[in-house]
Amino acid sequence: MLASQYYLPTLREAPAEAEIPSHRLLLRGGFIRPLSAGVFSFLPLGLRSLRKIENIVREEMNAAGALEVFLPVLSPRDLWERSGRWDTFQPQPLRVQDRSERWFCLGPTHEEVITDLVAMDLESYRELPVTLYQIQTKFRDEVRARGGLIRVKEFLMKDAYSFGRSEEDLDEAYDAMYQAYVRIFERLELPTVIVRAEAGSMGGHDTREFMLLSENGEDTVFMCDSCDYASNAECAQIRPPQARSGDKLGERELVSTPEARTVEQVCEILGTTPEQLAKTLIYRADDRFFAVMVRGDRSLNEAKLSGLLKAEELRMANDEEVRELTGAEVGFAGPIGLPDEVTIIADHEIATMSDFVVGANQDDAHYVAVDVGADFQVAQFADLRSAVAGDACPVCNEGRLTQHRAIELAHVFKLGAKYSEDLGALFVDSDGTQKPAIMGCYGIGVSRCLAAIVEEHHDENGIIWPRAAAPFEVVVLLLDTKDEELRGAAEQVYRSLQEVGYDTMFDERDMSAGIKFAEADLIGYPARVVVGRKTKQEGEVEVRRRSDAEELVVPVAQAADAVQTLLGS
RNA sequence: CGGGGCGUGGCGCAGUUUGGUAGCGCGUUUGACUGGGGGUCAAAAGGUCGCCGGUUCAAGUCCGGCCGCCCCGACCA
């Protein structure tokens, strides 16, 4: 490709709105342009990289036995009513109406569509297992787009769905996808960490996320510093601590705490610390009420609570319900003297506390020197709080959890029969009975991977593309365009690289050398061949690797060999 | 949705406090020189100051409303 005929709108300075490296460099290098918040166009360079990533994903999917399909973006409302997700999917799907005012959504994911498709054709267990996938634009009406391509409203995703006869089929398909993902991220040079995760809107179990540790990620993961335990913060488990031994020390006492509704206010009045206080949160799970206790400095993990209670709908009780149940304004709830209809459950840590502070279920009052057992009973202890850095590893004995920011690149789930039951993807098994297909689903954010690669591979001068994702693998810089002898040498180098099969950019533009060097670094070609002074004098070119500046000086005729030496064949 | 910031040639910014001819750097165009790290000189083009309304002799600047963008939070495959 001749640079003079290419679309290379590089920017010397990044637009003010871009903060994180991938956003800044992709804009500056002329890979993407913004259209609206969280909506981007891909320019020729950006599209080339995107396609390379996409093709790696495609190759590995095919190698794993998955079959490519292409499903509609427009998805009729009826389908989503049948799965129950028209109103519940988060974030709410982007909705549109056709001329006769029928509702559609722009697919945020495709469980419904693929299951409906398979439901039409599936008859016998002999057709199973099968895994279908597609690479397509997805739409999500994100509450807040951010970070360039990291979180957007419209993005390229690879989504695969496996249909099997049994849990065993599912395990096999899941494992095949999991291994394919490991290979994909190896090829993209993205050192991912695989963490346990929540299923969220998708439903399912055994969910794992492939995370790239990065300051600019928006997920938080915990990793054990001793074993290989790793988990998304949303579901990091906590090892139950040793329960308190010994007897009650002090006598419970009612104290006045006017207007002290928060942990901080109570501590200030009583001159104590949040660790000596237990928060009591009133929750409503369907028609039941629970008083949920965690230590004052901890935060309750609603996902854990939800998992424990197995409720359809879980929410904090509203002000009115709290007043009715506790007899006090919000902020003074406690475990002592609650009506029987409120079940008390507590985080394990509560069992380790003694002589602590709780709300008194009276306005402007708390109890001090309270103890479990002596002053109130707990129906159930469970792991309910969110993990924090330094917590003991829930798996091994030695480790502590360390906290990291991360970018979620991929997610695998076991879905089971939910969608196949809702949408009728049934088959007749060998025993003659009809059964729902057992499903799994597996997604990779392809355009997010593009940003992640840049986050992971860049320096102060620009991007350092891994060869597999580079828009062009090599750039040839002709420094003096007026010199016919040099031009001839550069053309020879360019042709020899093309013959070997390298994607090559030939920068023969009439520009100063400085600009060409700076742009080559910014765009991040893995290898660079310079035709200039040394070529004129010695008949040699300089071949340099972007990643570590390793350089070979060779005769013009050996330029392609040198590139091969530096990049590998 | 809550909090904060921003909106002035393509990009980065000044000017708004105190209303009075719209500026700077980079980029762009033309010419010349130059040709190893965003080079030099000269000339030039390019702006309804986000939009609508109001105040005023006069609004980029003051007032009201709206729109857009970014960041933090909440939320989230």
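Just so we're on the same page: letters track the sequence lines, and every chain starts at 1. Nothing here was measured: the structure is a model prediction, and the numbers come from that model.
Nucleic acid contact class of A/Arg33 (heavy atoms, under 4.0 Å, all strands): none. Counting non-hydrogen atoms under 4.0 angstrom, A/Ala145 reaches the backbone sugars and phosphates but no base.
Both A/Ala18 and A/Leu11 lie close to RNA chain B; mapped to their nearest nucleotides by heavy-atom distance, the more 5′-ward contact belongs to A/Leu11. Comparing A/Leu522 and A/Glu17 by the nucleotide of RNA chain B whose heavy atom lies nearest to each, the residue mapping closer to the 5' end is A/Leu522.
Of the nucleotides present, none pairs with B/U16 by Watson-Crick or G-U wobble criteria with both distances under 3.5 Å. Nucleotide B/C1: paired with B/G73 (Watson-Crick or G-U wobble, both distances less than 3.5 Å). Pairing of B/C33, defined by two Watson-Crick or G-U wobble distances under 3.5 Å, is identified with B/G39. Under the Watson-Crick or G-U wobble criterion, with both distances below 3.5 Å, B/A44 is paired with B/U28. Both distances falling under 3.5 Å, in either a Watson-Crick or a G-U wobble arrangement, place B/G68 opposite B/C6.
Separation of the C1' atoms belonging to B/C13 and B/G27 is 14 Å when rounded to the nearest angstrom. Look at the P atom in both B/C26 and B/G38: the space between them is 14 Å, to the nearest Å. When the C1' atom is used for both B/C70 and B/U28, the distance is 27 Å, rounded to whole Å.
The side chain of A/Leu479 lies closest to B/G36, out of B/C71, B/G36, B/C13. You'll find that the side chain of A/Arg28 is closest to B/G38, out of B/G36, B/A74, B/G38. Distance from the side chain of A/Phe517 is smallest to B/G36 among B/C76, B/G36, B/C70. For A/Arg144, the listed nucleotide lying nearest its side chain is B/C72; candidates were B/C69, B/G38, B/C72. Candidate nucleotides B/G12, B/G35, B/A74 were compared by shortest atom distance to the side chain of A/Asp510, and B/G35 ranks first. Comparing B/G37, B/G36, B/C76 by their nearest atom to the side chain of A/Lys534 picks out B/G36. Distance from the side chain of A/Val143 is smallest to B/A74 among B/G36, B/C13, B/A74. When each of B/G36, B/G38, B/G35 is scored by its nearest atom to the side-chain atoms of A/Ala518, the top-ranked nucleotide is B/G38. If you check B/G12, B/G39, B/G37 against the side chain of A/Ser512, the one that comes closest is B/G39.
Between B/G35 and A/Arg533, no contact under 4.0 Å exists linking OP1 or OP2 to a side-chain N or O. An OP1 or OP2 oxygen of B/C76 is reached within less than 4.0 angstrom by no side-chain nitrogen or oxygen of A/Arg146. Residue A/Arg12 has no polar side-chain atom (N or O) positioned under 4.0 Å from OP1 or OP2 of B/G38.
A/Tyr419 and A/Phe163 have their aromatic ring centers separated by at least 6.0 angstrom. A ring-centre distance under 6.0 Å is found for A/Trp465 and A/Phe31.
Ion pairing between A/Glu19 and A/Arg24 fails under the 4.0 Å rule for side-chain N and carboxylate O.
B/G36 atom P lies 18 Å from atom CD of A/Glu540, rounded to whole Å. With rounding to whole Å, A/Glu13 atom CD is found 11 Å from B/C26 atom P. In this structure, A/Met511 atom CE and B/C33 atom P are separated by 19 Å, rounded to whole Å. For the pair A/Lys153 NZ and B/C70 P, the interatomic distance rounds to 10 Å; values are reported in whole Å.
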From CA spacing to verdict: side chain to side chain contact (heavy atoms under 4.5 Å, CB included), A/Leu566, A/Arg544
CA-CA 8 Å; A/Leu566 289 178; A/Arg544 181 197 281 236; 5.6 Å; no

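For A/Thr137 and A/Glu154, the side-chain atoms include no donor-acceptor pair closer than 3.5 Å.
Considering CZ of A/Arg187 and CD1 of A/Ile56, their distance stands at 4.5 Å, rounded to 0.5 Å.
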